[in-house]
Structure formats: structure tokens, C-alpha cells
Number of protein chains: 2
Amino acid sequence: MPQPQIESSQDRRTQILDAALICFAKRGFHQASMHDISAEAGISVGLIYRYFENKDAVISAMADRHKKEIHEVLERARRAPTLLESLEILFTAHCCEDAPQVVSAFVVDLYAEASRNPHVADLVRDVLQTAMDGVTDLIARSPEAESAAHGLKPHELAELIFAVSRGMLMRDVLQPQEMTAAERRTRQLEVTRRLWRLLFKKESEPAYA
Amino acid sequence: MPQPQIESSQDRRTQILDAALICFAKRGFHQASMHDISAEAGISVGLIYRYFENKDAVISAMADRHKKEIHEVLERARRAPTLLESLEILFTAHCCEDAPQVVSAFVVDLYAEASRNPHVADLVRDVLQTAMDGVTDLIARSPEAESAAHGLKPHELAELIFAVSRGMLMRDVLQPQEMTAAERRTRQLEVTRRLWRLLFKKESEPAYA
DNA sequence: GGAAGATGAATGAACGTTCATTCATTGTCA
DNA sequence: TGACAATGAATGAACGTTCATTCATCTTCC
């Protein structure tokens, strides 16, 4: 009864990226050393170079994985029955992890990296555009958005929604480490609901619904 | 006829910090070397150590200066005659510089640094809290805010405003380098006005005012 | 002369990357 | 089956480079 192959090539890459995420969040892209990552992953330094050409390739692969994850979140948001629930999914996606502030820190670092690495900038812009198009579409089809929205076009609303989402992410990295995932989630949801009320509540409805 | 003393001790520090801002925005806190900074400032490496204990002290001093600048922006916003103008000042403050994306990149980097450096995190949190208190106060006193605002409390509105502001800053670092300060400013103002309309326009007023 | 300002070569630690080597696993053939 | 060969995943010491920091030295100005 031989133990099944524990690590496929794909799993190794994933294992390295998981470790890299933790190290990058803890120290930043450029302060995290390859030794840090190998130690976190419980493997040797050299092995990383069997799966990634160099450190930049690790960063790129992380960005690519982030892109896939965002697309999945968008798909889930698309399937939600109401617009409010879609927004809640978008705003709390990063809180599903067991360490939300790790994800937040990574994303803020990703934007910082994008500001000087054109390749990363293109990728982030692309992710953002796709996600915003999706949400614009979501709003355009939503019955809630017809009556309210103060004459703003769907894409203008989407732009505001994503600005708030990014802004809350930045806020999240300032929270003390001790704050739990559940607490972060609650905060995010509060803001999401306030934003939703502002954007989509029919003006005739009572304001304190 | 001796040239008058060009650099006082205070000016030297400012000169070094100006150079550091450019280098930090261009390469990031930890990728920018002391040689980069000294070259940008047009002085020798060693001289930096006459005015700053070490590299971390340069970063801290930059964060401190950022704090002072934010306070000044807040003062200007406070003196504006209407709430809309206050918001416009807050949202476009970084566009007053001749290189807005430099400021944006620096601030995003600052938040990234805050996510792992508790000292920087405390400072940024403090700045943010002061600024938010100021804006909360501004809203509470503003006649525009009384009738509208969908039943949201002033501090909840302030939280949303700052989230959008940070989110737009992150957006700004994705813009291609070629985009001019004026274009950035226009974009920021558009979003500010949309947000303001959403938050404070009386619901009875025509939506497309 | 001497105090303060300024220089940049020197230093040593830390980093990304390489590669000779090890060894568990798999395949081959009697 | 068992002895032997082949494989390639995994290791970590070593290398060359970069970087923050120091300090002996030079300049300026009173």
C-alpha cells in the first residue's frame, strides 16, 4: 500500500506560492528573501529555482494567481441573487481566508509594485478592468439600480464601489494584528451596507431601513 | 562677494527628503539605495548620515513630513466656504505637486510599510484619525449634510469619503506615467463631485444638477 | 588654527543565484 | 525475485554582487 505521491509538480508550485504569500505579506516583496520563502515552505532554497526562474517570476506567478482568484470572486458575485449580496461578496472576499490581513497586505504591496513595475501594472489594470466591467454589467441588469442612483451611470457607480473597496483594503492593513477575521468581516459588511444604502436605496424608502 | 549660505541645516534635511521622496516613489523604500538618494540630492552618501541616523530614520522623517502636509491640507479644507470645496481640496491635494503620481506611489508604499512596521502604522493611523475627525466635524457643521445623507451619521460619511479617497489614490498609481497632473486632477474632481452628489445632494433636488 | 561641512573609498553583512552532490524511487534484465 | 542502473527531486555551501554604514581625509569659512 504505497503512500500516494504527496507533492505533484503543481502542488510544489502552490506550496511555494503559499509560503511566498506569507513572507511577502510579512516583509514585503523585496525584503522577503528566497531563504525566508524556502524556510516557510519547509524546503531548500535551490528547489525554488526548479519551479521558478527567479524571484521576479515568483512575484509574477503570485500576481497571476491573484488574478484567477479575483475572477472566481467575480463569478460568485455574479451568481448572487441580489445586488447587495453581490457587493457583500466582493467586499469580504479577502476575509474568507484564515488570515485576511495577509491578503490585504499583499494586495497593497501589489499596487505599490505596480507603481514601478509596468508588467505588474498591466496585470493589475487588466484584473481591475475585468472586475469593473463585470460589476458595471451587474448594476446595469439590477432592478435596484433603476430607480435610485441619483442619475449616475452604472460604470460611474462601479468606479465608486471599487474605490471604496480598495480604500477599505488599505484601511485593513492599519488594523492591529490581533483583530480577528470575523471582526474584519463585520467591519467590511457594515461599510458595504452603508454604501449600498447610499447608492441603491430608493429615495422614497425610509432612510433607516 | 561670497555666495550667501545656500543650505541651512533645515534646508539640507528638506533637500534630502525631497530626493528621498523621488527615489522612494521610483523604486520603493527598500529598493532605493542611499546612493540613489545622495545622487538625486546631488550630495555624497556620507552627508546623509550627518542629518539622519540611518535609512529607517529617513523613512520616519518622510512619514512625519507627510503628517504635517496632511494637517495643512485639512486646515485648508476647513477654511473652504462649502462642503463640496472642502472635499475637492482633500481629494486633489496630491495633484497640486508637479508630479502627483510620485506622491500617490509614496503613500501606497507608506501603507504597505505600515502593514509590517508598527511604528509607521501608528503614525499613519494617527494621521488618518485626525483627518477623519476633522472631516466628521466639517460634515456635522455643514448645512448641506442635514437634510440628505440617508440617515448616515457624520462619522460614517467621513469613513466612506476617506475610503474613496484612498481608493482613488491606489487607482492613480495604475495610470500610465504619461498622464499629466491636470488630467489626474480632472479625474479626481469628477469622482469627488459624483460622491458629493451621492452623499449630500438633497433628495428633492433634480438628480442631474 | 580649528570647528563644522562634506567627501567617497572601505567594510562587512545579506542577498539572489548556481551547481556539485546525495539518495529515494523507478525501470531493466536475469 | 533480486541485483544493478538510471533518474531527477532535493540539498545547501559557495559565489559574486549590492547595500547600509563608517571614517580618514579634504574643504570652507570665521
Side-chain angles (χ1 to χ4, degrees), chain A residues 1-63 109 112-113 116-117 119-120, chain B residues 1-63 109 112-113 116-117 119-120:
Chain A
M1 237 149 295
Q3 195 73 6
Q5 179 104 4
I6 296 174
E7 307 289 1
S8 78
S9 168
Q10 200 41 241
D11 286 344
R12 264 278 183 254
R13 279 182 67 96
T14 304
Q15 178 193 7
I16 292 169
L17 290 180
D18 288 344
L21 176 64
I22 292 170
C23 294
F24 287 163
K26 211 181 294 180
R27 316 242 273 123
F29 288 148
H30 299 286
Q31 283 182 277
S33 74
M34 294 301 259
H35 276 88
D36 290 338
I37 298 171
S38 72
E40 181 69 40
I43 59 174
S44 66
V45 212
L47 191 55
I48 298 178
Y49 286 87
R50 178 169 289 270
Y51 295 93
F52 297 94
E53 199 186 331
N54 53 31
K55 195 178 176 180
D56 271 354
V58 178
I59 297 177
S60 286
M62 294 264 308
D109 242 21
E113 183 68 14
R116 41 195 119 91
N117 182 336
H119 177 240
V120 174
Chain B
M1 237 149 296
Q3 196 74 6
Q5 178 104 0
I6 294 175
E7 308 291 359
S8 79
S9 169
Q10 199 42 241
D11 286 345
R12 265 278 185 254
R13 279 181 66 95
T14 304
Q15 178 193 8
I16 292 169
L17 290 180
D18 287 344
L21 176 64
I22 292 170
C23 294
F24 287 163
K26 212 182 292 181
R27 316 241 273 123
F29 287 148
H30 299 284
Q31 283 182 252
S33 73
M34 296 301 259
H35 274 92
D36 291 338
I37 298 171
S38 71
E40 181 69 41
I43 58 172
S44 67
V45 213
L47 191 54
I48 297 178
Y49 286 87
R50 179 168 287 272
Y51 295 93
F52 296 95
E53 198 187 334
N54 53 30
K55 194 178 176 181
D56 271 354
V58 178
I59 297 177
S60 286
M62 295 264 307
D109 243 21
E113 183 68 15
R116 40 195 122 87
N117 184 334
H119 177 241
V120 173

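Letters A, B, ... are given to chains in the order of the sequence lines, protein chains preceding strands, and every chain is numbered from 1.
- Toward the 5′ end of DNA chain C lies the nearest nucleotide of B/Val45, the other residue of the pair B/Val45 and A/Phe29 mapping further downstream.
- Regarding B/Tyr49, its OH atom lies at a distance of 17 Å from the P atom of C/dA6, rounded to whole Å.
- For A/Ser44, whose side chain is taken as the heavy atoms from C-beta onward, the closest listed nucleotide among C/dT7, C/dC15, D/dG12 is D/dG12.
- Between A/Arg27 and C/dC15 there is a side-chain polar atom (N or O) within less than 4.0 angstrom of OP1 or OP2.
- The two residues B/Asp109 and B/Phe29 make their nearest non-hydrogen contact at OD2-N, 3.2 Å.
- Looking only at distances, no side-chain donor or acceptor of B/Asp18 sits under 3.5 Å from a matching main-chain atom of B/Gln15.
- The residue among A/Glu53 and A/Asp36 whose nearest nucleotide of DNA chain C is located toward the 5' end is A/Asp36.
- Rounding to whole angstrom units, NZ of residue A/Lys55 and P of D/dT17 are separated by 19 Å.
- Contacts of B/Ala39 with the nucleic acid, taken as non-hydrogen atoms under 4.0 Å apart, are absent.
- Residue A/Ile37 contributes atom CD1, which lies 8 Å from atom P of C/dG16 at whole-angstrom precision.
- Between A/Arg50 and A/His35, the residue anchored nearer the 5' end of DNA chain D, judged by the nucleotide with its closest heavy atom, is A/Arg50.
- Contact between the side-chain N/O atoms of B/Tyr51 and the OP1/OP2 oxygens of C/dG5 is not found at any separation under 4.0 Å.
- Computed from coordinates, the B/Met34 CE to D/dT22 P distance equals 10 Å when rounded to whole Å.
- Following rounding to the nearest Å, A/Gln31 (CD) and D/dT18 (P) show an atom-to-atom distance of 19 Å.
- Using a 4.0 Å heavy-atom cutoff across all strands shown, B/Ala57 reaches no nucleic acid atom at all.
- Smallest separation of non-hydrogen atoms from B/Ala32 and B/Lys55: O-NZ, 2.6 Å.
- Rounding to the nearest 0.5 Å gives a distance of 11.0 Å between CZ of B/Arg50 and CD1 of B/Ile16.
- If you take CG of A/Asn54 and P of C/dT17, they are 5 Å apart, rounded to a whole angstrom.
- Between B/Ile16 atom CD1 and D/dT21 atom P the separation is 14 Å, expressed in whole Å.
- C/dC23 atom P lies 17 Å from atom CG of A/Leu47, rounded to whole Å.
- For B/Phe24 against A/Arg116, the heavy-atom pair with the smallest separation is O-NE, 4.4 Å.
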